[in-house]
Structures are given as structure tokens and as C-alpha cells.
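So the structure is just underneath, and the comments pick up after that.
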Amino acid sequence: MRKIVISILVLTVLSLVITGSVAVFYVKGLPALVQNPKTIELVKKEAAKSFNVELEVKNPRLVTHLSPNIEFGTDNILITKNGAKLLEIENLDGRISISRILDKKIILKKLVANNIFADAGKLEELIPKEPQEPQKSDWGMELADSAPLLLKNLTVIYPPFSKINGKDISFENSRLHFNVLAEVAGLPLKFGDNNNVYLKDNKLFLDNFALNINKSKVIVNSVCEEKNFSLSLDSKRFSAQDAIKLIKIFPEAREPLSYIGNINGNFDLNINIINEDIKGKINFNTLKLSIIPLENLPVTAEKGLVTIDSNQILLKNFEGYYGKSKENTAKLQGHVKNYMKSPDTEI
């Protein structure tokens with residue numbers, strides 16, 4: 001009996017010592033390891049080896065408690081390549097919980113930063129070109145209720161956009177808030193959430209979201225979930241000149257559009273997309289252009305309709321005149337089949 005009691009006492013003490021050692025390492029050792037200059041230097045060398053980039057981390061912090069919460073942060077994270085800045089994050093502050101680690105879930109409870117700069121195009125170049133089989137993982141991250149997600153300033157460079165500037169970006173009470181100014185094809189873009197972007201039942205909703213493109217406005221309605229996506233775009237009197245500038249972003253559109261110039265006019269737009277299915281109408285109120293190969297022959301369309309589906313684009317009921325006289329009547333119709341792959345055009 002005495003030996004049994006002694007054995008139990010020894011096992012109890014060993015358990016306490018092991019538990020205490022793990023707790024001490026978790027509370028003291030782990031933060032010290034993360035903040036150790038040798039650890040940071042190791043990470044920098046691995047970044048240089050794997051991605052050929054220079055990584056600088058200023059004042060990294062990791063704080064653990066005798067609880068599942070882990071706090072982390074840094075004054076500055078900077079990634080450069082050949083002297084060019086790819087990514088910079090200033091004053092990052094966050095908190096996670098490992099209370100569900102046995103379920104392979106990490107709970108995000110806070111993520112705040114003052115400024116983020118990203119050259120998305122150059123960061124994209126760091127991704128291996130060869131397609132890799134995606135690795136499935138049982139691990140996941142969940143967002144805690146009322147978790148503060150805040151970003152004061154965001155600057156992103158990504159072609160064809162000259163620059164995207166976001167301010168006061170936050171997520172609270174299932175609603176995403178932001179104000180964004182951008183430029184694409186020389187056209188200013190402006191949009192804000194107006195309390196119309198939110199999460200509900202694991203779906204992202206955009207309700208009557210207004211996208212201002214130069215002097216035109218597009219109303220966006222969308223529902224996005226893991227396996228399904230719907231999007232509708234509506235606009236009245238959208239500038240045809242601005243539309244051409246946007247279309248020319250795509251290289252394959254530049255050559256056929258090089259034959260026309262001096263475009264002016266406007267149209268009404270309604271496009272609906274559900275997963276891979278698309279249906280839409282573009283109703284021209286007026287359209288003026290010149291045909292460059294014909295000595296800039298002016299053409300005026302007083303009406304015209306373009307219909308779009310997943311397989312083809314149809315041009316219908318285009319009526320107007322060429323030159324300066326309305327007596328020079330002209331009509332146009334045609335189609336563009338298989339426009340997503342190898343277009344077959346007939347006008």
C-alpha cells in the first residue's frame with residue numbers, strides 16, 4: 001500500500017512538473033523564441049531562399065497568457081525585391097484563440113493595422129508558374145463575434161488599376177465598411193459600402209451597391225457563397241466613351257477597336273450572372289463614331305440593341321446614318337459567337 005501511495009505521489013509530481021514546464025514555455029518561452037533575433041534572421045533567410053526577396057520585421061511581439069488567447073503584433077513588416085517595395089504593413093496588432101485547437105479551428109478575435117501597401121502584380125509574380133495540386137487541410141479559421149477588424153489606410157497597385165486607395169476599412173456586426181478611390185484606364189472610380197455590404201448565413205451580400213465610374217454609375221447586387229455566385233449590373237446612360245476605355249483593358253479587344261474612333265453616346269445596361277451562366281442587354285440610346293479605314297467616316301446610330309448570353313453576343317436593330325445627312329441610312333446587325341474562347345464574328 002505504501003508503494004502505491006508513493007507511486008501516485010511521484011506521478012502526480014511529475015504531471016505537475018510537466019504541466020508547469022509546458023505552461024512556463026507557453027507563457028514565457030514561446031514569446032521569447034518568436035521575438036529572438038536569431039529566429040527573425042532565420043525567417044529572413046528562408047524568405048530570401050524561397051522567394052528571392054528581402055524581409056524586414058521591426059519589433060515583433062507575441063504575448064501568451066494562462067488562457068487560450070494569443071496576442072501578436074509588429075511595428076512594421078517590409079518585403080522588397082531588388083530595391084522595389086512589394087508589401088508593407090504598419091502597426092499590426094492581433095489576437096487569436098486556440099480554445100478549439102482540438103477541432104483544428106483557430107478563432108480570430110482581433111486584427112488591426114494602420115497602413116498596408118501591396119504591389120499585387122509583383123507579389124503575384126512570386127507565385128510558382130507551374131500549376132500545383134491544391135493541398136487540402138482540415139484546419140480552418142473562424143471569426144469571433146464582434147471581433148474588431150480595422151484598417152485605416154490601404155494602397156494597392158494592380159494592373160490595370162493605376163492605384164487603389166481604401167480608407168477606414170472595418171468589419172463589425174457582420175457588415176463591411178470602406179471608402180475606396182481608384183483609377184483604371186484613366187477613369188476615376190469611387191465607391192463606398194453605404195452600409196450595403198454584409199455577411200449573413202455564410203453568404204456575402206451586396207445590396208444596391210453603387211459603383212461610380214467617372215460620371216457614370218453602376219448599381220451592383222450580388223450574393224456570393226462557397227459554391228454559388230450571382231451578380232447583377234444595372235446602369236442608365238452609361239458613357240460609351242468610358243466603356244470603350246474599359247474594354248481596351250483586355251488586349252484581345254484592342255485590335256478590332258483600333259478601326260473606330262471619336263466614340264460618343266450612352267447606353268442602358270442590364271447584366272445578370274449566375275455561376276457560369278450570363279444573360280444581358282445593352283440598349284444604346286445614341287452612338288456616334290468614325291470608321292478610321294474609311295477616312296474617318298462618321299456614323300451615327302440612333303438606336304441599337306446588344307444581347308449577351310453564355311455563348312454569343314448579338315447586335316440587333318442598329319439604325320442610323322453615315323456622313324452628315326440622315327438620308328444616308330444605315331442598318332447593322334451581327335453576332336460574335338464563342339466569344340470567350342475563339343471568337344467567330346460576323347457583322
Side-chain angles (χ1 to χ4, degrees), residues 94-113 116 118 120 123-124 127 131-151 154 156 158 160-161 164 166-180 182 184 189-213 217-235 246 249-250 269-282 307-311 313 339-341:
R95 182 169 65 250
I96 62 171
S97 171
I98 56 173
S99 59
R100 295 186 58 194
I101 196 168
L102 295 179
D103 298 327
K104 297 184 178 180
K105 297 288 185 182
I106 303 297
I107 301 173
L108 180 62
K109 305 187 77 172
K110 176 184 179 182
L111 192 62
V112 177
I116 293 180
L123 287 171
E124 194 174 50
I127 301 174
Q132 296 180 348
E133 193 71 25
Q135 296 181 352
K136 295 184 178 180
S137 174
D138 296 330
W139 287 87
M141 179 170 286
E142 292 184 355
L143 184 64
D145 293 337
S146 302
L149 301 180
L150 303 170
L151 175 58
L154 171 68
V156 177
Y158 187 70
F161 297 92
I164 304 171
K167 289 186 178 295
D168 302 321
I169 301 168
S170 66
F171 181 79
E172 54 186 345
N173 298 322
S174 298
R175 290 190 177 271
L176 182 62
H177 302 288
F178 53 85
N179 287 290
V180 175
V184 57
L189 275 67
K190 181 181 179 181
F191 52 93
D193 64 281
N194 291 320
N195 214 33
N196 290 338
V197 182
Y198 59 92
L199 287 174
K200 183 180 179 181
D201 300 328
N202 295 319
K203 300 176 183 178
L204 175 65
F205 289 82
L206 279 73
D207 287 348
N208 294 319
F209 176 80
L211 175 62
N212 298 285
I213 305 174
K217 179 185 289 187
V218 179
I219 301 299
V220 182
N221 285 278
S222 179
V223 181
C224 182
E225 54 184 321
E226 185 176 358
K227 294 184 179 180
N228 292 297
F229 171 77
S230 66
L231 172 70
S232 71
L233 305 173
D234 290 276
S235 182
L246 293 172
I249 291 172
F250 304 99
L269 167 74
N270 175 254
I271 303 290
N272 294 282
I273 301 172
I274 299 177
N275 295 329
E276 296 182 0
D277 184 49
I278 179 172
K279 292 182 179 180
K281 292 182 179 180
I282 301 173
T307 63
I308 304 170
D309 62 30
S310 301
N311 299 311
I313 299 173
Y339 61 92
M340 296 297 288
K341 295 180 181 178

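Since we're looking at a predicted model, the values are computed, not measured.
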So which atom in Pro148 and which in Val112 form the shortest heavy-atom distance, rounded to 0.1 Å?
O-CG2, 4.2 Å
Begin with the C-alpha distance, continue with both residues' side-chain angles, and end with the deciding distance and a verdict on side chain to side chain contact (heavy atoms under 4.5 Å, CB included) for Leu246 and Val184.
CA-CA 8 Å; Leu246 293 172; Val184 57; 3.9 Å; yes
Please walk me through it: do Ile107 and Ile96 pass side chain to side chain contact (heavy atoms under 4.5 Å, CB included)?
CA-CA 6 Å; Ile107 301 173; Ile96 62 171; over 6 Å; no
Evaluate Glu225 against Lys227 for side chain to side chain contact (heavy atoms under 4.5 Å, CB included), listing each step before the verdict.
CA-CA 6 Å; Glu225 54 184 321; Lys227 294 184 179 180; 5.9 Å; no
Check: Ile164 and Val180 side chains under 4.5 Å, non-hydrogen atoms:
yes
Just one of Asn208, Leu206, Leu269 clears the side-chain contact (heavy atoms from CB on, under 4.5 Å) bar with Ile219, so which one?
Asn208
Phe209 and Phe178 aromatic ring geometry - parallel, tilted or perpendicular at 30°/60° bounds
tilted
Would you please test Tyr198 and Asn173 for side chain to side chain donor-acceptor pair (under 3.5 Å) and show each step?
CA-CA 9 Å; Tyr198 59 92; Asn173 298 322; over 6 Å; no
Does Leu199 reach the side chain of Phe171, with side-chain heavy atoms less than 4.5 Å apart?
yes
Where Asp193 and Leu176 come nearest, the two heavy atoms and their spacing
CB-O, 3.3 Å
Ignoring hydrogens and angles, write down the donor-acceptor pairs under 3.5 Å from the side chains of residues 270-279, residues two or more places apart or on other chains.
unit_1: Asn270; atom_1: OD1; unit_2: Asn272; atom_2: ND2; d: 3.0
unit_1: Asn270; atom_1: ND2; unit_2: Asp234; atom_2: OD1; d: 2.6
unit_1: Asn275; atom_1: OD1; unit_2: Phe229; atom_2: N; d: 2.8
unit_1: Asn275; atom_1: ND2; unit_2: Asn228; atom_2: OD1; d: 3.3
unit_1: Asp277; atom_1: OD1; unit_2: Ser310; atom_2: OG; d: 3.1

Write down the atom of Ser97, the atom of Lys109, and the distance for their closest heavy-atom approach.
CB-CD, 3.6 Å
With heavy-atom distances below 4.5 Å as the criterion, would you say the side chains of Asn195 and His177 are in contact?
yes
Would you say that Leu108 contacts Leu149 through its side chain, given a criterion of any heavy-atom pair below 4.5 Å between the two side chains?
yes
Residues Ser222 and Leu231: closest non-hydrogen pair is CB-CD1, 3.9 Å
Any chance you could lay out the side chain to side chain contact (heavy atoms under 4.5 Å, CB included) test for Ile282 and Ile308, step after step, and finish with the verdict?
CA-CA 8 Å; Ile282 301 173; Ile308 304 170; 4.1 Å; yes
Are the side chains of Leu151 and Ile116 in touch, meaning some heavy atoms are under 4.5 Å apart?
yes
Is the count of non-hydrogen atoms from other residues, nucleotides or ligands lying under 6.0 Å from Asn202 atom CG greater than 12?
no
